[in-house]
Amino acid sequence: MKLLGISGSLSKHSKTGIAVNKALEFAKEFDESLETELVSLSDYDLVFCDGRNPDLYIGDTRRLIDKVTDADVYIIGSPIYRGTFTGALKNLFDLIPNDALKGKAVGIIATGGSNHHFLAIEHQFKPIFGFFNAYTVPAGVYVNNSHYNNGELTDTEILERLKKLSNQTVRLSALLKRPFNGPDQPEIKRETLQST
Ligand SMILES: Cc1cc2nc3c(=O)[nH]c(=O)nc-3n(C[C@H](O)[C@H](O)[C@H](O)COP(=O)(O)O)c2cc1C
């Protein structure tokens, strides 16, 4: 199973990248068989989406579209810019095919300068995964700059939350892949309003 971490920051020393990478390390501790990889958008020379068929992009853009489409499960993080995820990450969401994330599990991480925008996970991040028909883990992790020290994520509570996020993301993904042999949902008969 391929677990892809994505950091939506273009910063070379990205705090988001550090948090997403931590989550990948925790996931690997739970399940050694996982193939994990961190994608930092700063490592890819992406063009802006111009609306063409995703198969027609070339170079880094095509490579990243294929990498995202090919993965089974995701930990996706972004710095908060202006109260939401970055434009760079939105561009990636615009580039990938509509069904790239369909039916797959996603764990969310947001990094902000302060705690002011922690609800962005609910109101900004989750709706885009709803668009893609992906399943998000209910509790995302919001990290702020005070949780880092000398370029390391040191806050023990945040590390604990990231561990939980990794665990829940991998477990949700496994559940989604399990074949379901149970009965169909019962049909609820509804009375129609009779006109008198
Ligand atoms: C253009 C810009 C906009 C930002 N907007 C917000 C914001 O609205 N709320 C917030 O809490 N932090 C904001 N920040 C701070 C970043 O989210 C914060 O420094 C984050 O840790 C950067 O992550 P990175 O190191 O992964 O790039 C902004 C930073 C930049 C550069």
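Values reported hereafter were calculated over all heavy atoms of this structure, with side chains retained and with hydrogens, waters and symmetry mates removed.
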**Q** Considering only heavy atoms from C-beta outward, does the side chain of Leu153 approach that of Ile158 to under 4.5 Å?
**A**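 The answer is yes, as the side chains (C-beta and beyond) meet within the 4.5 Å cut-off.
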**Q** For Arg161 and Glu157: C-alpha separation, side-chain torsions, deciding distance, then whether salt bridge (charged side-chain N to carboxylate O under 4.0 Å, His left out) applies.
**A** CA-CA 6 Å; Arg161 284 187 204 162; Glu157 199 180 321; 2.4 Å; yes
**Q** Report yes or no: do Val141 and Ile108 belong to one cluster of Ile/Leu/Val/Met/Phe/Trp/Tyr joined by side chain heavy-atom distances under 4.5 Å?
**A**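 Looking at the clustering, Ile108 is in a separate group from Val141.
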**Q** Lys104 and Tyr135: side chain to side chain donor-acceptor pair (under 3.5 Å), yes or no, with the steps?
**A** CA-CA 6 Å; Lys104 301 182 195 173; Tyr135 292 86; over 6 Å; no
**Q** Under 30°, 30 to 60°, or over 60°: which ring-plane class applies to Phe129 and Phe93, parallel, tilted or perpendicular?
**A**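 Rings of Phe129 and Phe93: perpendicular, over 60°.
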**Q** Could you walk me through whether His116 and Ser114 pass side chain to side chain donor-acceptor pair (under 3.5 Å), step by step?
**A** CA-CA 6 Å; His116 285 123; Ser114 68; 2.8 Å; yes
**Q** Hey, is the main chain of Ala120 close enough, under 3.5 Å, to the side chain of His123 for a donor-acceptor pair?
**A**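 The answer is no, because no donor-acceptor pair under 3.5 Å joins these two groups.
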**Q** Check whether any side-chain heavy atom of Lys22 sits under 4.5 Å from a side-chain heavy atom of Leu159, and report yes or no.
**A**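 Yes. Closest side-chain heavy atoms under 4.5 Å.
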**Q** Please determine whether the number of non-hydrogen atoms from other residues, nucleotides or ligands lying under 6.0 Å from atom CZ of Arg178 exceeds 12.
**A**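 Count not over threshold, so no.
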**Q** Search all heavy atoms of Glu37 against all heavy atoms of Tyr44 and return the closest pair with its distance.
**A**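 Taking every non-hydrogen atom into account, OE2-OH, 4.2 Å.
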**Q** Identify the two heavy atoms, one from Leu95 and one from Cys49, that lie closest to each other, and give their separation to 0.1 Å.
**A**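 Reported closest heavy-atom pair: CD2-CA, 3.6 Å.
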**Q** Under 4.5 Å between any side-chain heavy atoms of Ile109 and Leu162, yes or no?
**A**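 When only atoms from C-beta onward are counted, Leu162 and Ile109 do touch, with a gap below 4.5 Å.
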**Q** Does a salt bridge link Glu25 with Lys28, judged by any charged N lying under 4.0 Å from a carboxylate O?
**A**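 Here Glu25 does not pair with Lys28 in a salt bridge, since their nearest N and O are not under 4.0 Å apart.
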**Q** If we check side chain to side chain contact (heavy atoms under 4.5 Å, CB included) with Leu64, which of these qualifies: Thr61, Asp60, Val68?
**A**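 Per the side chain to side chain contact (heavy atoms under 4.5 Å, CB included) rule, the option paired with Leu64 is Val68, out of Thr61, Asp60, Val68.
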**Q** Looking only at side chains, do Tyr57 and Asp50 share a donor and an acceptor under 3.5 Å apart?
**A**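 There is such a pair (donor and acceptor under 3.5 Å, judged by atom type) between the side chains of Tyr57 and Asp50.
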**Q** Do the side chains of Leu165 and Leu172 join up, straight or via other hydrophobic residues, at under 4.5 Å, putting them in one cluster?
**A**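 Yes, Leu165 connects to Leu172 through the hydrophobic network.
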**Q** Just jot down the side-chain hydrogen bond (donor to acceptor under 3.5 Å, both in side chains) partners of Glu191, sequence neighbours excluded, or say none.
**A**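 So Glu191 forms no side-chain hydrogen bond (donor to acceptor under 3.5 Å, both in side chains) with any residue.
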**Q** Counting C-beta onward and ignoring hydrogens, is there a side-chain heavy-atom pair between Val20 and Ile6 closer than 4.5 Å?
**A**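 No, side chains not in contact.
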**Q** Find the distance between OG1 (Thr36) and CG (Asn21) and round it off to the nearest 0.5 Å.
**A**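 Thr36 OG1 to Asn21 CG: 8.0 Å, rounded to 0.5 Å.
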**Q** Minimum heavy-atom separation for Ser9 and Ser14, please, with both atom names.
**A**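 Taking every non-hydrogen atom into account, CB-OG, 3.3 Å.
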**Q** Is the NZ atom of Lys164 crowded by more than 12 outside heavy atoms at less than 6.0 Å?
**A**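 Not buried by this count: 12 neighbours or fewer within 6.0 Å.
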**Q** Please round to the nearest 0.5 Å and tell me the distance separating atom CG of Asp72 and atom CG of Leu3.
**A**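 Taking CG in Asp72 and CG in Leu3, the distance rounds to 9.0 Å.
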**Q** Under the side-chain contact (heavy atoms from CB on, under 4.5 Å) criterion, do Asn133 and Leu101 qualify, and how do the steps go?
**A** CA-CA 7 Å; Asn133 281 303; Leu101 310 180; over 6 Å; no
